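Numbered from 1 within each chain, the chains take letters A, B, ... in sequence-line order. None of the values given here were measured: they were computed from a predicted structure.
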There are 2 protein chains.
Amino acid sequence: MPSSKLNNKCPIDYALEVFGDRWTLLVLRDLMLSGKRHYRELMTSKEGIATNILASRLQKMETDGLIIRKQNSEDKRQIFYELTEKALDLIPVLLEISRWSVIYDKDTAAPPELMRRFNEEPQQLIAELKDAARTRQT
Amino acid sequence: MPSSKLNNKCPIDYALEVFGDRWTLLVLRDLMLSGKRHYRELMTSKEGIATNILASRLQKMETDGLIIRKQNSEDKRQIFYELTEKALDLIPVLLEISRWSVIYDKDTAAPPELMRRFNEEPQQLIAELKDAARTRQT
DNA sequence: CTGTATCCTTAGGGATACTG
DNA sequence: CAGTATCCCTAAGGATACAG
């Protein structure tokens, strides 16, 4: 198994360790592109993740430095998840994947305006998406 | 599970179905960036894939339209795998992933010249890599 | 609401022997 | 060489109940 290698040198190996499972990329999508921040919101995504799986995934993502678990300063019971720069830097990966899927799977759809802008001005779009995610954080 | 949805609309879902497992992306890497074309070559990659897994992955990749299984016209026993355009269009995805891993994992390395060119002239690099893969095919 | 704790099932994958 | 065919095993994931 790729993740058991001690001296791990291949970039693809590392990526597979961090988000090469069945759920992490979907959770990242919801946090980064759908603007979700709470457990309950993540639970509602149409793929139907189980509660124990979501919890374990969130923990691993925190360990891997993708998210930070925070509580609302007024109501301590309110938990939300903040994306790190490391996670935000996966936006281009998600967009590239989306572009590919939209081309090759007829049943796949993505916001056309998003895809158009990714083709025409990718840098600016990425910067905007990052900014949007950052300002959503607080 | 994401793959069981009938009306699958999210691009990330589709990508996960096609290459969201532990091996497909590594096999693609070897075919696309390392120039491997034969079963025996794919067997030697450092992650150590099992023979049955490699065989099943190659079959699924053919079903999914990523590769074409061919035999040498002179020596029919010689089998090799040819990448489709659908697979070649994943080069940007692999490069984006690599860029990210190199930044965030200190143990990860990639050819620096490759990464430099991906930053400075991505379109040209991608075109070159595709061409290289295509000419290798025959 | 945000998770733990269990229990259970299954698909994915490792090891190895074997085949045309 | 390019795989099949088995056997086995475990980690990943579903379902559900429950807790703070």
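Under the side-chain hydrogen bond (donor to acceptor under 3.5 Å, both in side chains) criterion, B:Glu74 pairs with no residue at all, not counting sequence neighbours. Qualifying side-chain hydrogen bond (donor to acceptor under 3.5 Å, both in side chains) partners for B:Asp64, counting only residues two or more places apart in sequence or in other chains: B:Lys60. For the salt bridge (Lys or Arg N to Asp or Glu O under 4.0 Å) test, residues two or more places apart in sequence or in another chain that qualify with A:Arg117 are A:Glu121, A:Glu128. With sequence neighbours excluded, the residues that form a side-chain hydrogen bond (donor to acceptor under 3.5 Å, both in side chains) with A:Arg29 are A:Glu47. Judged as a salt bridge (Lys or Arg N to Asp or Glu O under 4.0 Å), and not counting sequence neighbours, the contacts of A:Arg77 are A:Asp75. Partners of A:Glu41 by salt bridge (Lys or Arg N to Asp or Glu O under 4.0 Å), not counting sequence neighbours: none found. B:Glu85 meets the salt bridge (Lys or Arg N to Asp or Glu O under 4.0 Å) test with B:Arg134; sequence neighbours excluded. In this view, B:Arg57 and B:Asp21 satisfy the side-chain hydrogen bond (donor to acceptor under 3.5 Å, both in side chains) rule, not counting sequence neighbours.
Taking the C1' atoms of five terminal pairs at each end of the helix from C:dC1-D:dG20 to C:dG20-D:dC1, the two resulting helix axes are inclined by 50°, rounded to 10°.
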Could you pull out the protein-nucleic contacts involving nucleotides 15-20 of chain C (nitrogen or oxygen on both sides, under 3.5 Å)?
| from | atom 1 | to | atom 2 | distance (Å) |
| --- | --- | --- | --- | --- |
| C:dA15 | N6 | B:Asn52 | ND2 | 2.6 |

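Side-chain contact between B:Met43 and B:Ile49 is present, with heavy atoms from C-beta onward closer than 4.5 Å.
For the contact set between residues 61-75 of chain A and DNA chain D, defined by any heavy atom under 4.0 Å, there are no members.
Counting any heavy atom pair closer than 4.0 Å across all strands shown, A:Ile79 reaches sugar-phosphate atoms only and no base atom.
The stretch residues 86-115 of chain B participates, sequence neighbours left out, in these ring-ring contact (aromatic ring centres under 6.0 Å, His included) pairs: A:Tyr14-B:Trp100, A:Phe19-B:Trp100, B:Trp100-B:Tyr104.
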